[in-house]
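Presented below is the structure to which this report refers.
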Amino acid sequence: MKITPTEQLFTLFNETALILQEELDCTYLEALAETGENLFQGAILQEELSELTIKRLKKQYEEIHLQKFSNEEIRKAYQLVILKGMKENVQPNHQMTPDTVGMLVGYLVDRFLKQSSFRLLDPAVGTGNLLTTVLNQLNKNVASIGVEIDDLLIKLAYVNANLQEHPVQLFNQDSLEPLFIDPVEAVIADLPVGFYPNDVRAAEYQLKAEEGHSFAHHLFIEQSVRHTKPGGYLFFIIPNGLFESEQAAQLREYFKDQVIIQGLLQLPTSMFKNKNAAKSILILQKKGEDVQPPKQALLVDLPSLSSAAEMDKILTKMEKWFQENKG
């Protein structure tokens with residue numbers, strides 16, 4: 001049986017990470033970031049390794065030439081080893097955006113943003129999987145920025161972007177603290193859902209809770225809108241119950257004031273473990289001088305993404321909407 005390029009890379013990432021994990025006495029994900037950095041730099045950077053380990057690693061690295069692989073092959077293999085590491089060391093907030101969803105977001109960014117070059121922000125960049133999935137689909141000049149509070153995740157995102165040769169500016173900080181970045185034309189985010197523990201910081205947001213903790217996902221939306229240029233677009237992966245919570249009335253008011261809803265794509269519930277975990281893609285446009293609402297918002301209930309015929313029908317419907325509303 002022929003081994004696919006993704007399987008080849010997965011084996012390399014996995015085996016070299018296991019060697020480093022044992023020798024450095026660290027977690028699998030930390031070792032994965034180390035081996036990815038070695039591959040990118042074309043050198044073994046860990047000084048404390050034994051000569052035997054260095055020889056073993058060199059032998060494996062020399063068998064693979066990264067330039068022979070496409071960005072998507074590198075991204076998929078890297079994603080699979082990260083998923084393996086996350087399964088071993090479960091952390092509830094580390095959920096990776098499924099590939100099919102990332103590809104849909106990439107398609108939407110491509111269709112809504114007409115310009116050939118723009119700036120793109122992911123304020124919840126995680127391991128960089130959603131961001132690089134989108135970048136791999138855009139045949140445009142994109143300057144991208146990612147923000148992530150978790151030290152290990154941002155290191156994985158850094159290696160991920162380097163291996164695929166995407167120039168991404170990364171900030172290791174709480175995304176809801178002040179961001180020192182220029183406004184962008186587009187934002188993508190798989191919103192972290194839950195309560196934000198820092199009430200003092202939350203108090204500086206319009207979408208703060210009247211009492212108790214504020215919803216982090218609401219604050220992420222507001223922070224993203226703040227950092228988007230007038231007329232810019234925001235693509236959020238949201239929980240389906242976003243407009244049904246006890247803080248939803250505030251969110252509706254904020255939307256009325258700040259943004260235009262361009263569309264809502266409901267993802268098939270079959271993608272999620274249970275109905276309560278189901279998500280949608282929400283498309284917003286920040287209000288500005290010449291910004292007009294669409295004749296009607298793009299509302300799509302997506303079929304199972306594995307049904308090619310059904311997906312074709314939906315994509316045809318979406319293309320028709322773009323022609324009628326976006327020219």
Parallel, tilted or perpendicular: which describes the rings of His218 and Phe215, with under 30° parallel and over 60° perpendicular? perpendicular
So Phe112 and Phe322, would you call those rings parallel, tilted or perpendicular, with 30° and 60° as cut-offs? perpendicular
Any ion pair linking [Y] and [X] (charged N to carboxylate O, less than 4.0 Å)?
X      : Y      : value
Glu51  : Lys55  : no
Glu185 : Arg119 : no
Lys140 : Asp110 : yes
Lys287 : Asp257 : no
Glu222 : Arg226 : yes

Interatomic spacing from [atom1] in [X] to [atom2] in [Y] - rounded to 0.5 Å:
X     : Y      : atom1 : atom2 : result
Ile74 : Phe40  : CD1   : CZ    : 11.0 Å
Lys68 : Glu73  : NZ    : CD    : 12.5 Å
Leu29 : Leu153 : CG    : CG    : 8.0 Å

Whether the [X] and [Y] side chains hold a donor-acceptor pair (N or O, under 3.5 Å, no angle test) is what I'd like checked.
X      : Y      : value
Arg75  : Asn160 : no
Lys279 : Asn240 : no
Thr228 : Tyr233 : no
Gln164 : Asn136 : yes
Tyr158 : Asn172 : no
Ser280 : Gln266 : no
Gln296 : Asn325 : no

Between Leu20 and Leu9, is there shared hydrophobic-cluster membership here, with clusters defined by ILVMFWY side-chain heavy atoms closer than 4.5 Å? yes
Would a single hydrophobic cluster contain both Leu179 and Leu234, if residues Ile, Leu, Val, Met, Phe, Trp and Tyr are joined by side-chain heavy-atom contacts under 4.5 Å? yes
Before giving the answer on side chain to side chain contact (heavy atoms under 4.5 Å, CB included), spell out for Ile145 and Asp122 the whole-Å C-alpha distance, their side-chain angles and the decisive distance to 0.1 Å. CA-CA 6 Å; Ile145 300 145; Asp122 183 343; over 6 Å; no
Side chain to side chain donor-acceptor pair (under 3.5 Å) involving Tyr78 - partner list, sequence neighbours excluded: none
Filter on salt bridge (Lys or Arg N to Asp or Glu O under 4.0 Å), then keep only pairs touching residues 293-320, sequence neighbours left out; what's left? Arg111-Glu319, Glu310-Lys313, Lys320-Glu324
If you look only at pairs with a residue in residues 129-139, which of them pass as a salt bridge (Lys or Arg N to Asp or Glu O under 4.0 Å), with sequence neighbours excluded? none
Among Leu265, Ile188, Asp190, which residue meets the side chain to side chain contact (heavy atoms under 4.5 Å, CB included) test with Ile281? Leu265
May I have the step-by-step check of ring pair (Phe, Tyr, Trp, His ring centres under 6.0 Å) for Tyr254 and Tyr205, ending in yes or no? CA-CA 11 Å; Tyr254 177 80; Tyr205 285 84; 9.5 Å; no
